[in-house]
Amino acid sequence: MSSIADNIGSVTRRIQKATLHAGREPGAVHLLAVSKTRPPGELREAYDAGQLSFGENYLQEALDKIDALADLEGIEWHFIGPIQSNKTRQIASAFAWVHSVDRLKIARRLSEQRNPQLSPLNICLQVNINEEDSKSGCTIGELPDLVAAVGELPGLTLRGLMAIPDPDQPEADLRSSFRKLAKTLQQLRTDHPDAGPLDTLSMGMSGDLEVAIDEGATWVRVGTALFGTRPAKS
Ligand SMILES: *Cc1c(COP(=O)(O)O)cnc(C)c1O
C-alpha cells in the first residue's frame, strides 16, 4: 500500500503535468486535500508531507479535527459540504474558505457572523451545473443576482465558482460542464467587476482533475487519490 506522502507526490505530479499540458502557469492550480471521514492522524501525515489545505464536508467532524490539529501552523480549512443555516456561525469562525455557498441567506449569515478581526471569508458559489435534482447548488440563471448581492457583503470575499458535475456522464460532456463553468465565471467577472476577485474555479476531483485543469480549474478537490477509498457512509 502506498503512503499518503507518496500519494501527495503522485497527485502533485498529475497536477503539474496537466497544468503544463494546458499551457498554464506553474502553480496556477492548488490541491485541496478532501479529508472527510479520515482520522486526524492521516491529515497530520499529509501535513508532514507538505499539504496545508484541507476540505471537509461535515461540520462536527471538521470541528473535532480542527481542534485536534490546532498545533499545525499554517493549516488552512475549507468547508465544501452542504450548509444548514443554523450552522453558519461555526463555519464562519472556523474556516478560511467555503466552496459550497448556494443561496443569499447563507451568504448573509456567513458575512454577519464572520469575526471582523479575521480576514473576510473566501467563498465560492456552488453551481448545479448539470441541473441534477439531487444536487445542491444554484442554477447559472440565478448567478448574476446572487453575485451582485454577495459582492456587497463586507465579511466575504467572492472568489469564484464551484461545481460537482455528474460523474457518470461521458468525458466529452464532463469537459463541456467544466467549460461552461469557466465561461460563466469569465462573464461574471466582466459584468460585475467590483463583486470580488472572481479568480477561482473549484472543480475536478480524483478521477477527472486533468480535464478540469485543462478547462481552467484553480482548485482541485481530491480525496480518494490521496487517502484511499472512503468507508461507505452509514
Ligand atoms: C468527497 C468530495 C470530493 C473528493 O472526491 P474524490 O473522488 O474522493 O477525490 C471533492 N469534492 C467534494 C464536494 C466532495 O464532497
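Everything numeric in this text was worked out from a predicted model, so none of it was measured. As the structure lists them, so they are numbered: ligands from 1, and atoms in each ligand from 1.
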Check: R221 and S202 side chains under 4.5 Å, non-hydrogen atoms: yes

Sub-4.5 Å side-chain heavy-atom contact between L110 and F79: no

From CA spacing to verdict: side chain to side chain contact (heavy atoms under 4.5 Å, CB included), N128, T139: CA-CA 6 Å; N128 185 354; T139 63; 5.8 Å; no

Residues which pass ring-ring contact (aromatic ring centres under 6.0 Å, His included) with F178, listed by chain and number, not counting sequence neighbours: none

Short N or O contacts of ligand 1 with protein, under 3.5 Å, listed by atom name?
from: ligand 1; atom 1: 8 (O); to: T224; atom 2: N; distance (Å): 2.8
from: ligand 1; atom 1: 8 (O); to: T224; atom 2: OG1; distance (Å): 2.5
from: ligand 1; atom 1: 8 (O); to: R230; atom 2: NH1; distance (Å): 2.8
from: ligand 1; atom 1: 8 (O); to: R230; atom 2: NH2; distance (Å): 3.1
from: ligand 1; atom 1: 9 (O); to: S206; atom 2: N; distance (Å): 3.1
from: ligand 1; atom 1: 9 (O); to: S206; atom 2: OG; distance (Å): 2.5
from: ligand 1; atom 1: 9 (O); to: G223; atom 2: N; distance (Å): 2.8
from: ligand 1; atom 1: 11 (N); to: R221; atom 2: NE; distance (Å): 2.9
from: ligand 1; atom 1: 15 (O); to: K36; atom 2: NZ; distance (Å): 2.6
from: ligand 1; atom 1: 15 (O); to: N57; atom 2: ND2; distance (Å): 2.7

Distance-only donor-acceptor check, side chains S177 and N130, under 3.5 Å: yes

Side-chain ion pair, R175 and D214, N-O less than 4.0 Å: yes

